[in-house]
There are 2 protein chains.
Amino acid sequence: MAFMIAQRAYIKLYLITKVEQRRGYGYQMLEEMKEEFKLFGYVPPLSEIYRALHELVQEGVLYRTKQLKGNDPSVDFQEIVLYHFTEDGRDKAKLYKKQVKTDLDRCIGMLQKAVQDNYN
Amino acid sequence: MAFMIAQRAYIKLYLITKVEQRRGYGYQMLEEMKEEFKLFGYVPPLSEIYRALHELVQEGVLYRTKQLKGNDPSVDFQEIVLYHFTEDGRDKAKLYKKQVKTDLDRCIGMLQKAVQDNYN
DNA sequence: ACATGAACACCATGTTCATCC
DNA sequence: GGATGAACATGGTGTTCATGT
């Protein structure tokens with residue numbers, strides 16, 4: 001058993017939830033997460049977001065579609081990659097989240113234990 | 001800011017507390033920690049314990065003394081290494097614990113946030 | 001088996017570079 | 001500057017090896 005949950009798993013968890021809520025593409029998710037974790041001083045690295053998304057595709061949870069960002073192709077040629085659940089992606093994601101939940105609880109327990117054991 | 005607290009820091013914290021309570025040597029601390037974390041399925045690796053102790057010595061927090069384990073040298077020649085606080089070791093340790101506490105709280109916060117954000 | 005230590009190998013992650021619009 | 005991706009480098013950590021009692 002590893003000591004703490006891996007950053008990759010943590011990010012995957014958030015990405016899955018974001019896809020469940022039909023929110024966008026990699027770069028956007030990164031910006032959202034940056035904002036969400038600002039208070040914690042944690043800045044999720046760009047590379048980890050993409051790696052996590054690629055892994056989820058590799059594992060058959062998500063598939064990709066490409067799309068132009070803007071409505072008017074004559075103005076905006078920026079291509080973005082959108083992510084969606086595959087046929088059995090929702091089930092796989094559900095299972096994955098379940099496993100991560102167990103690990104999250106375990107980690108919280110270990111950290112709280114450390115506070116109890118080593119302070120006052 | 002790193003994602004999660006490092007295993008090294010976590011172990012150092014426990015080792016400092018153990019030295020505060022005048023408990024023993026490396027191997028013994030390892031066995032104690034193994035027992036303490038059995039419920040979490042976490043087995044602190046031997047090498048990390050020693051590395052952590054060495055670092056604390058390097059940082060001037062602890063110093064070492066050697067001693068025979070048993071009372072009777074004719075029976076037990078096993079040499080063990082005991083750890084004690086240096087002159088200003090207690091202050092350094094106190095500061096270190098304070099810093100780790102901040103990080104522990106931050107990590108607990110991030111994990112709890114993940115639970116809130118991604119489940120139900 | 002108890003005890004300490006170092007060496008080695010691996011893998012997650014952080015940083016940088018490359019590419020396109 | 002927005003967006004995606006890969007390459008490279010570093011460092012923490014797990015495993016093994018070495019040594020002695």
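Residue numbers start from 1 in every chain, and the chains themselves are labelled A, B, ... in the order their sequence lines are given, proteins ahead of strands. These numbers were taken from a predicted model, which means no experiment stands behind them.
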Whole angstrom is fine here: how far is it from [atom1] in [X] over to [atom2] in [N]?
X: B:Lys66; N: C:dA3; atom1: NZ; atom2: C1'; value: 11 Å
X: A:Gln78; N: D:dG1; atom1: CD; atom2: C1'; value: 10 Å
X: B:Gln67; N: C:dT4; atom1: CD; atom2: P; value: 11 Å
X: A:Met4; N: D:dG14; atom1: CE; atom2: P; value: 12 Å

- prompt: Can a side chain N or O of B:Tyr25 be found less than 4.0 Å away from OP1 or OP2 on C:dT4?
  reply: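 Answer no for this pair, as no side-chain N or O of B:Tyr25 is under 4.0 Å from OP1 or OP2.
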message: Please confirm whether the shortest side-chain N or O distance from B:Arg64 to OP1 or OP2 of C:dA3 is below 4.0 Å.
response: no
Residues two or more places apart in sequence or in another chain: which of them pass salt bridge (charged side-chain N to carboxylate O under 4.0 Å, His left out) with [X]?
X: B:Glu20; answer: B:Lys97
X: B:Arg90; answer: none
X: A:Lys38; answer: A:Glu35

query: Checking all strands, does A:Tyr42 fall into the base, sugar-phosphate, or nothing category for heavy-atom contacts under 4.0 angstrom?
result: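 Touches nothing.
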Just to verify, what does [X] make a side-chain contact (heavy atoms from CB on, under 4.5 Å) with, not counting sequence neighbours?
X: B:Ala93; answer: B:Ile16, B:Val61, B:Phe85
X: A:Leu46; answer: A:Leu30, A:Tyr50
X: A:Val57; answer: A:Leu62, A:Arg64, A:Tyr83
X: B:Asp117; answer: A:Tyr14, A:Glu36, B:Lys113

message: Counting only heavy atoms and a strict 4.0 angstrom limit, can you tell me which residues of residues 5-13 of chain A come near DNA chain C?
response: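 Within residues 5-13 of chain A, the residues near DNA chain C are A:Ala6, A:Gln7, A:Arg8.
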- request: Only counting residues at least two apart or in another chain, list the ones meeting ring pair (Phe, Tyr, Trp, His ring centres under 6.0 Å) with A:Tyr25.
  value: none
Residue list, ring pair (Phe, Tyr, Trp, His ring centres under 6.0 Å) with B:His84, at least two apart or on another chain: B:Tyr63
message: Assuming nearest nucleotide by heavy-atom distance, tell me which of A:Ile80 and A:Phe3 is located more 5' along DNA chain D.
response: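 By nearest-heavy-atom nucleotide position, the 5'-most residue is A:Ile80.
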query: Where along residues 44-61 of chain A does a heavy atom come under 4.0 Å from DNA chain D, residue by residue in number order?
result: A:Leu46, A:Tyr50, A:Arg51, A:His54
Residues from residues 26-38 of chain B lying under 4.0 Å of DNA chain D - heavy atoms: none
message: Quiz question: by atom type and distance under 3.5 Å, do the side chains of A:Gln7 and A:Tyr42 form a donor-acceptor pair?
response: yes
field: Polar side chain donor-acceptor pair, B:Glu48 to B:Tyr10, under 3.5 angstrom
entry: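 Note: B:Glu48 and B:Tyr10 side chains miss the donor-acceptor criterion.
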